[in-house]
Amino acid sequence: FTHKDAPGVLKSIHGERIGWGLRGGMVDFNELVPVDARFANGLLGDKMHNFWVWWYAKAYHDLYAELADGDYLCYMRGACAGSQKWNCTWTGDQMNSFDGLKQQIAGGLSLSASGFSVWGTDMGGLSGKPSDEVYIRAFQFCAFLPLMRTGGSATKLPWDYGEQVREVFRHFYWLRENLLDTIYSGAIHSHRTGEPMTQAMALAFPECREAAGNEEQYLFCGSLLFASVFQEGAVTKEMYFPEGVWYSLFDDTVVEESGWRIVPAPLAYSPAYVRGGAVLPVTLGDSLELGSPMQKVRRRGLLLTPPKAERRSVMYLAGDKAIEAGSAPAGEKEFVVELTEDGSFEAAVILGEAKEVVVDGRSLPRREDPAASGAEGFTVRGRRTYVWLREPGIRTLRVRE
């Protein structure tokens, strides 16, 4: 890949396939460099072992930049300083076990702290078919990674496993679809700032010294605190919560005190909590509920949590268009969310029970099911509030709990 003819050779191998629609794939085996190999740039393998990855990744980047106008995704198993500029990374060939899952998250968080933001894993491990429980915990983990992908030598298709796998997979498949706008926005933010999309506790919360060595949880896209479950048969998880208020993504749990806490972790979900004052772009189906199917209707919406103090954030939607969001308390059990411009949002999910919702100065009626009826308004199910507008456009949203 250091040879002047390398671009032409790659084009002759892949050019026709790219013309058919190929848009990337696995860039593998890029750490296999013989020590005594001599490269076209004059260096031997002992000097090029790591640096060769940079040339390898750049060659594929340049190929797809030219022939696919940059609209592609390649992911590689090796890495060296600077190669993250050219391609994504995956954390290599772990075992199809809970130990393998531990290796994936430890390796990925180390990779992120080294400047490699966009990464993923072989879901459930490389070799052999994982147990139903390992597979469930693996795709729950992978749903909160920059890249969610399968891989390995055995089937990872959910219908080749038990009924519970299919049921849980269905929910997390749609949850991943719900969160894609947040993940896209997180990728743009990472590109602009250098902050990784997955941040180990020591990186995200350097003041929390007692959680600094925790390799089982991390902050995803700035607002989602996720903890992997590594123990067979586990139904709870010991998790560290930094200062602030944290709202469970899967039940009505609200954590308001920092420190270690035992939280629910049934096989149906691994713990994930949303930071208080979060304003996250999401895509929602007819029911507006997270994890529900969206085959027929997709609505651009917001995922909101009540703020304890003023918080500001930036959302990136189409291209790198930035919308600033401010969230702040506005009195006793009341808060307001303000956007700098219209993001064509037509729905919202609030992790809290609202008594009144005001959008751009107009008070919305409380209805049984506004989205289904076609009449705008809000409804409360459990301790969550669902808001639907007839015409998209939210600039200011005020909620009284």
Side-chain angles (χ1 to χ4, degrees), residues 112 117-118 143-148 174-199 204 218-226 244-247 249 272-285 288-291 294 298-330 335-352 357-360 378 384-389 391-399:
S112 291
S117 185
V118 184
F144 292 89
L145 291 182
L147 297 182
M148 183 183 188
W174 289 114
L175 177 63
R176 176 73 177 193
E177 291 285 304
N178 293 144
L179 296 175
L180 281 181
D181 283 345
T182 287
I183 296 168
Y184 176 87
S185 181
I188 297 293
H189 175 80
S190 178
H191 173 70
R192 288 188 164 197
T193 66
E195 294 180 7
M197 297 170 71
T198 51
Q199 295 186 43
Y218 54 88
L219 188 69
F220 184 49
C221 292
S223 292
L224 298 164
L225 189 66
F226 177 78
V245 183
W246 299 88
Y247 296 81
L249 198 59
Y273 288 77
V274 187
R275 190 200 294 263
V279 181
L280 303 178
V282 292
T283 303
L284 302 167
L288 305 184
E289 292 186 356
L290 300 173
M294 295 188 290
R298 289 179 178 240
R299 309 180 191 278
R300 173 169 279 181
L302 294 169
L303 175 62
L304 308 173
T305 54
K308 186 177 181 180
E310 182 178 358
R311 184 165 186 257
R312 303 200 66 82
S313 58
V314 178
M315 296 180 288
Y316 298 96
L317 301 177
D320 59 355
K321 174 185 176 182
I323 298 179
E324 294 184 24
S327 178
F335 69 92
V336 63
V337 173
E338 294 182 328
L339 307 181
T340 54
E341 57 182 286
D342 180 9
S344 298
F345 299 108
E346 60 177 313
V349 178
I350 304 167
L351 302 188
V357 178
V358 179
V359 175
D360 296 338
F378 74 96
R384 298 189 175 194
T385 302
Y386 302 87
V387 179
W388 183 76
L389 305 178
E391 297 293 333
I394 297 175
R395 293 293 297 274
T396 303
L397 187 147
R398 183 178 292 267
V399 178

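Note that the structure is a prediction, hence the values are computed from the model and not measured. What's counted below: heavy atoms across the whole structure, side chains too, no hydrogens, waters or symmetry copies. Quick note: residue numbers are just sequence positions, from 1.
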Quiz item: Any sub-3.5 Å donor-acceptor pair from Thr182's side-chain atoms to Pro281's backbone N or O?
Solution: yes
Quiz item: Thr305 side chain to Gly277 main-chain N or O, any donor-acceptor pair under 3.5 Å?
Solution: yes
Donor-acceptor list for residues 337-347 side chains, cut-off 3.5 Å, not counting sequence neighbours:
from: Thr340; atom 1: OG1; to: Glu324; atom 2: N; distance (Å): 3.1
from: Asp342; atom 1: OD1; to: Ser344; atom 2: N; distance (Å): 2.7

Quiz item: For Leu284, does its backbone N or O pair with a side-chain atom of Arg299 as donor and acceptor, under 3.5 Å?
Solution: no
Quiz item: Given side chains that start at C-beta, do those of Arg384 and Leu351 come closer than 4.5 Å, heavy atoms only?
Solution: yes
Quiz item: For the residue pair Phe220 and Phe144, does the interplanar ring angle fall in the parallel (under 30°), tilted (30 to 60°) or perpendicular (over 60°) class?
Solution: perpendicular
Practice problem: Apply side chain to side chain contact (heavy atoms under 4.5 Å, CB included) to Met148 and Ile183, showing your working. | Solution: CA-CA 11 Å; Met148 183 183 188; Ile183 296 168; over 6 Å; no
Practice problem: Please identify each residue that fulfils side chain to side chain donor-acceptor pair (under 3.5 Å) with Glu289, with sequence neighbours left out. | Solution: Arg381
Quiz item: Residues two or more places apart in sequence or in another chain: which of them pass side chain to side chain donor-acceptor pair (under 3.5 Å) with Arg311?
Solution: Ser223
Quiz prompt | Donor-acceptor contact present, side-chain Ser185 to main-chain Tyr316, <3.5 Å | solution = yes
Practice problem: Give me the one residue out of Thr283, Val282, Asp181 that meets side chain to side chain contact (heavy atoms under 4.5 Å, CB included) with Arg300. | Solution: Asp181
Practice problem: Say whether, by atom type as modelled, one donor and one acceptor occur between the side chain of Arg275 and the main chain of Gly222 under 3.5 angstrom. | Solution: yes
